[in-house]
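As the structure is a computational prediction, the values presented were derived from the model and not from experiment. Atom set for the values below is all heavy atoms of this structure, side chains included, hydrogens, waters and symmetry mates excluded.
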Amino acid sequence: MASSTGLSRKARLVAIGRRNVMRRARQQGGFWTFAAIGWYGARTLSRLAKRNEEVVYSEALRPGEAVTIRHTTESRRDFARRQAAAKAGAKAAKAKGPESSKRQARRAAKAAAG
């Protein structure tokens, strides 16, 4: 049951505990300072660990329409290999330069003529 403040009983107890730890940390120091650091550190870590989900696309379906969702998984190693191969291919094509394509065109013309 919620109180007039709108907080649940658990939330009120947590708030009271946090206030007491902070008050004691300011007044007494020592252990209570470490308790306060731990309290806020745990709270910060839990906030950072929360998933931030967002809606990327939304559209209403009409009767007879369907949605297909496909997800392909690829390991990081396979992805890195594929990226490296693409990069190497682009680098090799760039290194050959325009002379290579001219030679290929001449050879193709010769083959077609002869």
### Message
Contact between M22 and R26 at the side-chain level, heavy atoms closer than 4.5 Å - yes or no?
### Response
yes
### Query
Just how far is it from atom CD of Q83 to atom CZ of F79, taken to the nearest 0.5 Å?
4.0 Å
### Query
Is it true that L45 and I37 fall in one hydrophobic cluster, defined by side-chain heavy atoms closer than 4.5 Å?
no
#### Entry: Cluster check L13, Y40: I/L/V/M/F/W/Y, side chain < 4.5 angstrom
no
### Nearest heavy-atom neighbours spanning W39 and G17
CH2-C, 3.8 Å
### Message
Could you see if V14 belongs to whatever hydrophobic cluster contains V21? Use Ile, Leu, Val, Met, Phe, Trp, Tyr and a side-chain cutoff under 4.5 Å.
### Response
yes
### Query
Rounded to the nearest 0.5 Å, what separation is found between the CZ atom of R82 and the OG atom of S75?
10.5 Å
### Task
Kindly write out the residues that satisfy salt bridge (charged side-chain N to carboxylate O under 4.0 Å, His left out) with R24, not counting sequence neighbours, or none if the list is empty.
none
### Message
If the condition is salt bridge (charged side-chain N to carboxylate O under 4.0 Å, His left out), which residues does E65 pass it with, not counting sequence neighbours?
### Response
R62
### Query
Which distance, rounded to the nearest 0.5 Å, do you find between the CG of N20 and the CZ of R18?
11.0 Å
### Query
Under 4.5 Å between any side-chain heavy atoms of R19 and R23, yes or no?
no
